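Counting from 1, the numbers follow the sequence of the chain as shown. For ligands, and for the atoms within them, numbers begin at 1 and follow the listed sequence. Keep in mind the model is a prediction, meaning the values are calculated, not measured.
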Amino acid sequence: MSGAPYLASDDSALLRRALERYSGERCLEIGAGNGGNLVDLSGRFRLVVGTDLVKPSMDDWKGEANFVLADLASSTRGSAFDLVAFNPPYVAAGPVGDAAVEGGPGLEVPKAFLEEALRVVRKDGVVVFLLSDAAKPDEFERICARHGFGLQRIGSQRLFFEELSVYEAVKAQSSR
Ligand SMILES: C[S@@+](CC[C@H](N)C(=O)[O-])C[C@H]1O[C@@H](n2cnc3c(N)ncnc32)[C@H](O)[C@@H]1O
């Protein structure tokens, strides 16, 4: 890992646009990078928390959101969040080198993000996350199903050599 925070890019913007439809009390972004999504979410959620292995460097942080240096959501107990979002290291490469972008040969890192998100989201909450077309959606769907959640794709964008998609996981058979 470089030690420098991940600077927002096209993938960050795709997730941020998808998150515009959500509002509520509490939200968490796992792997918040430089914190741009947190500032945006703080306009629509009362409590906004971000975690990352790397400290953000944003000058305009202004205390609008809370940031915790933590592995995944290890700083959180229980299922407290209405929304949990993440844009994980989604490149299928390994062994894991650059923790900001490389997700392991079998995308073990995005899968660990999803397990953590499903652990800390409220049972009537929503998990929103981004994956590339290197991911097999059915593998992520199975993880969701084990937690009683269903998965659907809610957005996508082709960027150079890959297609990025945003997925939403909500309680299975929810009418939401
Ligand atoms: C692709 S970047 C996305 C950053 C930001 N969410 C965005 O959309 O711009 C992935 C982020 O996950 C962080 N990360 C990787 N492994 C992590 C872990 N185990 N716990 C917390 N954050 C992690 C990286 O440091 C990086 O900031």
Discussion item. Would N87 count as a polar contact of ligand 1, with the cut-off being nitrogen or oxygen pairs under 3.5 Å?
Written reply: yes
Practice prompt. Could you tell me whether P5 approaches ligand 1 through its side chain, its backbone, both or neither, with non-hydrogen atoms closer than 4.0 Å?
Written response: neither
Worksheet entry | contact_flag D52 ligand 1 heavy-atom lt 4.0 Å | yes
Worksheet item: Based purely on interatomic distance, does D11 place a nitrogen or oxygen under 3.5 Å from a nitrogen or oxygen of ligand 1?
Response: no
Worksheet item: Is the closest side-chain heavy-atom distance between L19 and R44 below 4.5 Å?
Response: yes
Worksheet entry | Identified side chain to side chain donor-acceptor pair (under 3.5 Å) partner of Y6 from the options D11, N34, N87 | D11
Item to complete: Begin with the C-alpha distance, continue with both residues' side-chain angles, and end with the deciding distance and a verdict on side chain to side chain contact (heavy atoms under 4.5 Å, CB included) for D124 and K171.
Response: CA-CA 6 Å; D124 58 352; K171 194 172 176 201; 5.6 Å; no
Discussion item. Would I30 count as being in polar contact with ligand 1, using the rule that some N or O on each side must be under 3.5 angstrom apart?
Written reply: no
Practice prompt. List the atom of Y90, the atom of S132, and the distance in Å for their closest heavy-atom pair.
Written response: CD1-CB, 3.6 Å
Worksheet item: Counting heavy atoms only, which of A8, S12, G31 comes nearest to atom 5 (C) of ligand 1?
Response: G31
Practice prompt. Using atom types as modelled and distance alone, determine if a side-chain donor or acceptor of K123 lies under 3.5 Å from a backbone N or O of S79.
Written response: no
Worksheet item: Counting only N and O atoms by type, is there a donor-acceptor contact under 3.5 Å from the side chain of D52 to the main-chain atoms of G33?
Response: yes
Fill in: Nitrogen or oxygen of T51 less than 3.5 angstrom from that of ligand 1
no
Discussion item. If the cut-off is 4.0 Å to any non-hydrogen atom of D71, which atoms of ligand 1 fall inside it?
Written reply: 18 (C), 19 (N), 20 (N)
Worksheet item: Between A70 and ligand 1, which part of the residue brings a heavy atom under 4.0 Å of the ligand: side chain, backbone, both or neither?
Response: backbone
Practice prompt. For ligand 1, indicate whether the residue R16 contacts it via side chain, backbone, both or neither (heavy-atom separation under 4.0 Å).
Written response: neither
Worksheet item: For E163 and R158, which heavy atoms make the closest approach, and how far apart are they?
Response: CB-NH2, 3.7 Å
Worksheet entry | Contact with ligand 1 for F113, non-hydrogen, under 4.0 angstrom | yes
Fill in: Proximity to ligand 1 by part of S9, non-hydrogen separation under 4.0 Å
neither
Worksheet, complete the sentence: Near G33 (heavy-atom distance under 4.0 Å), the atoms of ligand 1 are 4 (C), 5 (C), 27 (O)
Discussion item. Under a 3.5 Å distance rule, please check whether T51 uses its side chain to pair with a backbone N or O of L72 as donor and acceptor.
Written reply: yes
Item to complete: Check whether any side-chain N or O of R119 sits under 3.5 Å from a backbone N or O of A73 as a donor-acceptor pair, and report yes or no.
Response: yes
Discussion item. Determine whether a donor-acceptor pair (N or O, by modelled atom type, separation under 3.5 Å) exists between the side chain of D82 and the backbone of R26.
Written reply: yes
Worksheet item: Does L53 have a heavy atom less than 4.0 Å from any atom of ligand 1?
Response: yes
Fill in: N37 near ligand 1 by a heavy-atom separation under 4.0 Å
yes
Worksheet item: What part of F86 sits under 4.0 Å from ligand 1 if we count only heavy atoms: the side chain, the backbone, both or neither?
Response: neither
Worksheet item: Which ligand 1 atoms are under 4.0 Å away from a heavy-atom of P88?
Response: 1 (C)
Worksheet item: Relative to the heavy atoms of A32, which atoms of ligand 1 are at a distance of less than 4.0 Å?
Response: 5 (C), 6 (N)
